[in-house]
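Report on one structure; see the data block that follows.
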Amino acid sequence: MTPAPDAVDARCCALAETCGLTPRECDVLRLLARGRSRLRIGIELGIADDTVKTHVKHLYRKAGVASKQHLLDRLDTMPDSLSA
């Protein structure tokens, strides 16, 4: 079962806070969590593909993961609400 969009945002915020993500890294995380490709993320955020790639690399390092699937798995462990 896929969490509701607001639950995805809450999980992204929780992970961002836990891992010390920048606001832009958090933007990229939210789009990755919604299944967007690197190309689509670049288009939506108005940034170059290489910049997206750099943000993703930083996300992986800060979250302690090695792949998109591991990042999504880590995101699944985060609370659905900021009060949890």
Side-chain angles (χ1 to χ4, degrees):
M1 183 173 150
T2 303
D6 55 349
V8 171
D9 280 345
R11 288 177 182 186
C12 289
C13 287
L15 185 64
E17 187 175 316
T18 300
C19 297
L21 302 181
T22 66
R24 187 54 114 188
E25 290 166 348
C26 191
D27 293 340
V28 172
L29 174 62
R30 283 186 174 116
L31 293 171
L32 281 173
R34 287 179 166 71
R36 303 298 195 277
S37 67
R38 259 192 7 224
L39 179 61
R40 179 66 185 251
I41 291 169
I43 291 168
E44 288 190 31
L45 297 179
I47 58 179
D49 185 57
D50 284 343
T51 304
V52 176
K53 187 176 179 180
T54 298
H55 286 309
V56 170
K57 181 173 69 171
H58 292 167
L59 275 168
Y60 288 5
R61 182 179 43 81
K62 289 179 179 182
V65 299
S67 70
K68 182 178 178 181
Q69 186 60 55
H70 289 149
L71 180 65
L72 296 176
D73 291 345
R74 173 100 194 264
L75 199 57
D76 281 343
T77 68
M78 304 309 294
D80 283 349
S81 69
L82 296 176
S83 62

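Just so you know, these numbers come straight off a predicted model, no measurement behind them.
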Hey, could you give me the OG/NZ distance between S37 and K68, rounded to the nearest 0.5 Å?
7.5 Å

So how far is it from E25 CD to L59 CG, rounded to the nearest 0.5 Å?
5.5 Å

Nearest 0.5 Å, what's the CD-CG distance between Q69 and L75?
11.0 Å

Counting C-beta onward and ignoring hydrogens, is there a side-chain heavy-atom pair between I47 and R24 closer than 4.5 Å?
yes

For A63, does its backbone N or O pair with a side-chain atom of R74 as donor and acceptor, under 3.5 Å?
yes

Partners passing side chain to side chain donor-acceptor pair (under 3.5 Å) against T77 (at least two apart in sequence or in another chain)
none

If the condition is side chain to side chain donor-acceptor pair (under 3.5 Å), which residues does R36 pass it with, not counting sequence neighbours?
E44

Given the rule in the side-chain contact (heavy atoms from CB on, under 4.5 Å) test, do L71 and L29 qualify, once you have shown the distances and angles that lead to the verdict?
CA-CA 9 Å; L71 180 65; L29 174 62; 3.8 Å; yes

Show me the donor-acceptor pairs, under 3.5 Å and distance only, between side chains in residues 50-57 and residues at least two apart or in other chains.
from, atom 1, to, atom 2, distance (Å)
T54, OG1, D50, O, 3.0

More than 12 non-hydrogen atoms from neighbouring residues, nucleotides or ligands closer than 6.0 Å to CZ on R40, yes or no?
no

Check whether any side-chain heavy atom of V8 sits under 4.5 Å from a side-chain heavy atom of R11, and report yes or no.
no

What is the distance from atom OG of S67 to atom CG of D73, rounded to the nearest 0.5 Å?
7.5 Å

Rounded distance (nearest 0.5 Å) linking atom CD1 of I41 with atom CG of L32:
4.0 Å

